[in-house]
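This chain uses plain numbering: 1 for the first residue, then up along the sequence. Scope of the values below: all heavy atoms of this structure, side chains included, with no hydrogens, waters or symmetry mates.
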Amino acid sequence: MRRTIPSTMALICFEAAARYQNFTQAAQDVSLTQSAVSRQINLLEELLEQKLFERIRQRVKLTDAGQHYLLQIQPLLETLEIATIRMPEFQAMSGGINIGTYPTLGSRWLLEHLMNFSTEFPNINTNTITYLDNKQFDHNMIDIGIVQGDPPWPGCRHDYLMSEELAAVISPKLLDNQAISEKTLSSYRLLQHTTRPQSWDIWCQSSDVKKPNPQNTLYFSQFEMIIEATISGHGIAILPVILIERELADQRLTLAHPHIAKPESAYYLISPSAKANTKKVLAFRDWLLSQTRP
């Protein structure tokens, strides 16, 4: 079935004429004659069965239909132009790649890896784009990114990156040198991540500990805020161990219970299928996977 798509030249002529509201200036802009621009726009009007311009003496003015069509095609032309400009980069080992990550994972784990990658691949510039949950992963903006969850991710290639370990942690100042028990868990405020509502259930089910039923719960959209709230003694939290290794080492946080949960879901490296085989993306993928596998 043949697609009902006008020629790119007709669209370019239309966009230029709409910008200048003058066929002569549009012709100069696109390096055609005025009659050629007029002919392209006439062909476009015939295809659309709509009048796009009102001819007023030496100038032209968009009709309502023309204004509507302009708003529809401008972003498409910009996308096409960007894709064409970037095409020479497809197999280049230089330039930039956009790397997606969660904010706290990015600052506490990925950052060091990015610094090392930059040392080994000085011709590739990395730009991080953060998102709070997987729904915010933008296929158009991100070349490769880290997500936590379970595959598949439609339209993306995925690679297992690393498992996740979840720990119940608390500020040592709240314990007062007393061991915490299952019975006393409910006496502490729970600190909860808004996009990871099952963390307490996962940890409790794997440890056979009854889920606490505290008087109140505080919710946060970022792990960084939960970590700081826990250090400050505002409650008890289930946190990925990978994010709090420093705090556990310097005892600003301590395990509230010795059990470490290892959920089936894990961290994955995913890349939109259209970008997955570019040399820069493959270089970053292979390098990062080599850093996380024995």
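- Taking OG of Ser35 as the reference point, atom CD of Gln40 lies at 10.5 Å (rounded to 0.5 Å).
- Within a 6.0 Å sphere centred on CD of Gln72, other residues, nucleotides and ligands contribute more than 12 heavy atoms.
- Atom CE of Met162 is surrounded by more than 12 heavy atoms from other residues, nucleotides or ligands within 6.0 Å.
- Other residues, nucleotides and ligands contribute only 12 or fewer heavy atoms inside 6.0 Å of the CD atom of Glu81.
- A donor-acceptor pair is defined here as one N or O able to donate and one able to accept, closer than 3.5 Å; no such pair exists between the side chain of Trp203 and the backbone of Val209.
- Side chain of Ser118 to main chain of Leu114: no donor-acceptor pair is present (N/O by atom type, distance under 3.5 Å, no hydrogens or angles).
- Summarising the geometry, atom CG belonging to Leu43 is positioned 5.5 Å from atom CD belonging to Glu46; distances are rounded to the nearest 0.5 Å.
- Note: Trp153 and Tyr268 meet the aromatic proximity criterion, with ring centroids under 6.0 Å apart.
- Contact between Leu132 and Ser221 at its shortest, heavy atoms only, is CD2-O, 4.0 Å.
- Using a 4.0 Å cut-off between a side-chain N of Lys or Arg and a carboxylate O of Asp or Glu, Glu112 and Arg246 do not qualify as a salt bridge.
- Checked by atom type and distance alone, the side chain of Arg189 pairs as donor or acceptor with a backbone atom of His234 at under 3.5 Å.
- The residues Asp133 and Lys135 are annotated as not salt-bridged, no charged nitrogen and carboxylate oxygen being separated by less than 4.0 angstrom.
- Expressed to the nearest 0.5 Å, how far CG of Asn134 lies from OG1 of Thr195 amounts to 8.0 Å.
- With 3.5 Å as the limit, one finds a donor-acceptor pair spanning the side chains of Gln148 and Ser265.
- For the pair Asp138/Ile129, no side-chain contact is recorded, criterion being any heavy-atom separation below 4.5 Å from C-beta on.
- Residue Glu120 qualifies as enclosed at atom CD: its count of foreign heavy atoms under 6.0 Å is above 12.
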* To do: Kindly indicate, with the supporting measurements, whether the criterion side chain to side chain contact (heavy atoms under 4.5 Å, CB included) is fulfilled by Ile97 and Ile99.
  => CA-CA 6 Å; Ile97 54 174; Ile99 300 171; 4.1 Å; yes
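- No salt bridge links Lys280 with Asp143; every basic N to acidic carboxylate O contact stays at or beyond 4.0 Å.
- Tested against His193, the residues Phe220, Tyr102, Phe223 include a single ring pair (Phe, Tyr, Trp, His ring centres under 6.0 Å) partner, Phe223.
- Hydrophobic clustering, defined by side-chain heavy atoms of Ile, Leu, Val, Met, Phe, Trp and Tyr closer than 4.5 Å, groups Leu32 together with Met9, Leu11, Ile12, Phe14, Phe23, Val30, Val37, Ile41, Leu44, Leu48, Leu52, Phe53, Val60, Leu62, Tyr69, Leu70, Ile73, Leu77.
- At distances below 3.5 Å, not a single donor-acceptor pair connects side-chain atoms of Ser171 with backbone N or O atoms of Ser232.
- Atom CG of Leu218 and atom OG1 of Thr194 lie 12.5 Å apart (nearest 0.5 Å).
- Taken from CG in Asp201 to CD1 in Ile238, the straight-line distance is 10.0 Å, to the nearest 0.5 Å.
- Residues Leu111 and Phe284 are members of one and the same hydrophobic cluster, defined by side-chain heavy-atom contacts under 4.5 angstrom among Ile, Leu, Val, Met, Phe, Trp and Tyr.
- Remark: side-chain polar atoms of Tyr131 are paired, donor with acceptor, to backbone N or O of Gly100 under 3.5 angstrom.
- Between Ala283 and Phe121 the shortest heavy-atom distance is CB-CE2, 4.1 Å.
- With rounding to the nearest 0.5 Å, the separation of CG in Leu174 from OH in Tyr188 is 6.0 Å.
- Atom CG of Asp286 has more than 12 neighbouring heavy atoms from other residues, nucleotides or ligands inside a 6.0 Å radius.
- Closest non-hydrogen pair, Ile142 versus Lys275, comes out as O-NZ, 3.1 Å.
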